[in-house]
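Here is the naming used below: chain letters follow the sequence lines, and residue numbers restart at 1 for every chain.
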Amino acid sequence: MADGDHEQRLLRQQEVLARFGEYALHSDDLTEILQMACSLVGEALGTDLAKVMELQEDGVTLLVKAGVGWPPGVVGQVRLRAEACSSEGHALHTGEAVISADIDREERFQYAPFIREAGVRALVNVLIIGDEDRPPYGILQVDSREPRQFTRENIQFLRSYSNLLAGAVARLRTAAAIREAAARLRESEERFQQFGTASSDVLWIRDAANMRFEYVSPAIEAVYGLGHAEMLEGDSHENWARLILPEDRAQVMGKLDQVRKGARVIQLYRIERAGDGDLRWIRDTSFPLFDKAGRVQRVGGIGQDVTEERAFAARLQVLVAELQHRSRNIVGVVRVIAGRTLSGSTSLADFRERFQKRLAALARVNDLLSRLEDSEKIAFDELIRTELSAHVVLDGAAGGPRILLDGPTRIRLKSATVQTLALALHELATNALKYGALGGPEGELSIRWRLVRGAGGERRLLVEWSERGLAVPPPEGGAVPLGYGRELIERALPYQLQAETRYQLDRQGMRCTITLPISSSFGEAHA
Amino acid sequence: MPDTAAAPCLAGYRILVVEDEFLLAEDLRVQLIKAGAVVVGPVPSLAKALALLEGGVALDAAVLDVNLCGQKVFPLADLLQGLGVPCVFVTGYDRSMIPDAYAHIGICRKPASAREVAAALALG
C-alpha cells in the first residue's frame with residue numbers, strides 16, 4: 001500500500017468527518033442525518049452498503065432506520081433481534097467494534113437473512129452510544145460485498161464517526177423531548193384554561209403567603225361582578241374581601257386562615273355583588289395545596305352562587321309547611337263533616353250517601369286548589385261550574401230543569417275562602433236536587449253574580465242563588481231547622497269569609513244571597 | 001267525632017279560641033263547652049282576637065291556630081304571654097315549623113280534642 005494512497009484515504013475520511021459533522025449540526029431531521037451518515041460512510045470506506053439500526057425500547061430489537069445500497073423493503077421495515085449469537089448483539093453487549101471479515105468463514109455469529117440475501121460478505125458493527133445514562137441509540141453497520149479486513153484505522157474512523165452521530169442523535173432527541181414536554185405543558189395549560197373558562201362556578205388559586213389570587217376563572221365576572229383582569233390587579237385579596245358583607249367577613253377570613261393552616265373548609269357567606277349591588281349567597285369550598293415539603297403553598301377553592309338554590313330550598317320549606325297545614329286542616333274538616341252528617345242522618349245508608357257526596361265536593365275543591373301556581377287564584381265561575389257539573393249537565397241539556405248562570409268570568413276568589421265556599425255551594429246544589437228546583441222538570445235555578453262595593457269601598461262579589469218551582473214545598477209557617485248546609489251559609493261564610501248572607505225559603509221558592517270579599521288582584525289574569 | 005270521653009275538666013275556665021276554619025272552630029267550641037269551659041270567641045283572625053283583648057276580656061287560657069289565612073298568630077301569642085295567659089297551639093304544623101322562641105308553648109296537632117288541649121295547657 002503506497003503512502004500516497006494512505007494519505008489520500010486519511011484525507012478523505014477527515015473530509016467526511018468534517019462534512020458530516022457540519023451537516024449533523026445544522027439538520028433538525030434525525031432520519032435525514034442518519035441517511036446522510038450512511039451515504040458518507042460508504043464514501044469514506046469505499047463500500048456501497050451501510051445502515052443504521054435503532055435499538056428499540058425492549059433493549060434487544062433493532063430496526064433498520066436508515067441505509068444505503070439496500071433493496072426496497074429493508075430500510076424502515078426490517079427488524080432483527082440482537083441476540084448474543086449475532087454480531088450486533090455482541091457489539092451491543094461489549095460496546096466494542098465487532099468485525100466479521102468474511103461471514104462465510106465466521107464461526108462466532110449468525111447473520112440475518114436479509115444481510116446474506118444482499119450478498120454481504122464482510123461487515124463491521126460500531127455502537128452509537130446513548131446520551132448520559134440512556135441505553136445505546138443503536139448500531140452503525142458497514143457492509144462489504146467482498147471479504148474485507150477492516151483496518152484499525154478504519155475502526156478508529158468509524159468510532160469517531162459514530163460518536164459524532166451519537167452527539168447529533170442526542171441533540172435531536174433532547175430537542176424532541178423538550179418540544180414534546182412543551183406541547184404537553186401547552187395542552188395541559190389549555191385544558192386547564194378551557195375548564196376554568198367553561199365553569200360557571202368561580203375556580204380560584206391563591207398564594208398562601210399573602211392570599212393574593214394567582215388564578216381566578218372568568219366566572220368571577222358573573223358571580224362577583226368583578227372584571228376578570230381588574231380582579232387580579234393590585235391587592236386582589238382586598239378586591240375580593242371588600243365585597244363580603246361586613247357581618248360575614250370576619251368569619252370568612254377566620255375560615256380561610258384555617259385553610260392556610262391545612263384544613264379543608266366549606267363555608268357560606270353573602271356578598272354585595274359589584275356593579276348591581278345585588279345580595280348573593282356564595283358557597284365556597286376551600287382546600288390547601290401543598291408543596292413537596294408538605295407546607296401549604298397555595299390555597300385553592302370553588303365559589304358557587306347558591307342564591308337561587310337557597311331560595312328554592314326556602315320555597316320548599318314553605319310548601320311543606322303549607323302541606324302540613326292544609327292536610328291537617330282537611331282531616332279536621334272531614335272529622336267535623338262526618339259528625340254533622342251522622343247527626344243529620346236517618347240511617348247508615350243515608351249517612352253513607354250524603355257523607356260520600358260531601359267528601360267528593362271537598363275533594364273537587366282541593367283538586368282545584370292544588371293545581372294553582374303561586375299567585376294564581378280560582379275564579380268564581382270556575383268554582384260554580386265545577387260544583388254544578390258534578391250534579392247536572394250544564395250548557396245545553398234538553399228537557400230537565402232550566403239552569404241559568406250569569407255573571408262575569410275571572411272574578412278571583414281569595415284562596416283561603418274557596419274551600420268553605422265550595423262546601424256551601426255543594427249544600428245548595430244537593431238541596432236543590434233533593435227538594436228544590438233541580439228536583440223536577442218544572443224547576444228553574446238561576447245563579448247570578450256581579451261585583452259590588454262593600455262598606456269600605458272595597459270590591460265584593462255578590463252571588464244570588466234563586467230557585468223557583470221547588471220539588472218539595474217547605475212546611476207551612478216556614479220553620480226550617482238549621483241544618484248543616486244552612487249552618488255553612490249562615491254561620492261559616494260570615495265567620496270565615498266576612499261574608500254577608502241571606503237565606504229565604506217560602507212557597508214561591510228559595511233565595512240565597514252571599515256577598516263576600518274577593519282577591520285584591522282581581523282582573524289580572526296572571527297577577 | 002267529638003271526644004265523647006271528655007270529662008268536664010275545664011270547668012269554669014275562660015278559654016279564647018282563635019281558629020280561622022269555621023268547622024274546626026265550632027268543633028273545638030262545642031268540645032270545650034262540654035268540658036265545662038267558657039269559650040271566648042271563637043274568632044277567625046288576629047285582628048278580631050286583638051280587638052277582644054283590647055276590650056279587656058278576662059282569660060284563663062288561649063287555644064291558637066298558628067296559620068290564620070296565611071297570617072301567623074305569633075304576635076298574639078306574645079301578647080298573651082305578656083299578660084300571663086297560658087297558650088296552646090292547635091295546628092297542622094309539626095314542632096319543627098314553629099320558631100324556637102315558642103318552644104315552651106304546647107302543641108296539639110289538628111284535629112285536636114278538648115282533652116288534648118287541656119293536657120297541653122296542663123289544666124284539669
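Highest contact tally toward chain B, considering only A:H325, A:R340, A:Q419, is held by A:H325 [criterion: heavy-atom pairs under 4.5 Å]. Between chain B and the options A:S327, A:A321, A:A416, heavy-atom pairs under 4.5 Å are most frequent for A:A321.
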**OP:** May I have the step-by-step check of side-chain hydrogen bond (donor to acceptor under 3.5 Å, both in side chains) for B:R109 and B:T91, ending in yes or no?
**Re:** CA-CA 5 Å; B:R109 301 294 301 279; B:T91 179; over 6 Å; no
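Side-chain polar atoms of A:D350 and A:T346 form a donor-acceptor pair below 3.5 angstrom. Between the side chains of B:Y102 and B:D78, at least one donor N or O sits under 3.5 Å from an acceptor N or O. With 3.5 Å as the limit, one finds no donor-acceptor pair spanning the side chains of A:E464 and A:T513. Counting only N and O atoms by type, the side chains of B:N67 and B:K72 include no donor and acceptor under 3.5 Å apart.
For A:L488, the part lying under 4.5 angstrom from a heavy atom of chain B is the side chain only. A:I337 touches chain B through its side chain: at least one heavy atom from C-beta onward sits under 4.5 Å away, while N, CA, C and O do not. Neither the backbone nor the side chain of A:V334 comes within less than 4.5 Å of any heavy atom of chain B. Only the side chain of A:L423 comes within contact range of chain B, with at least one heavy atom under 4.5 Å from a heavy atom of that chain.
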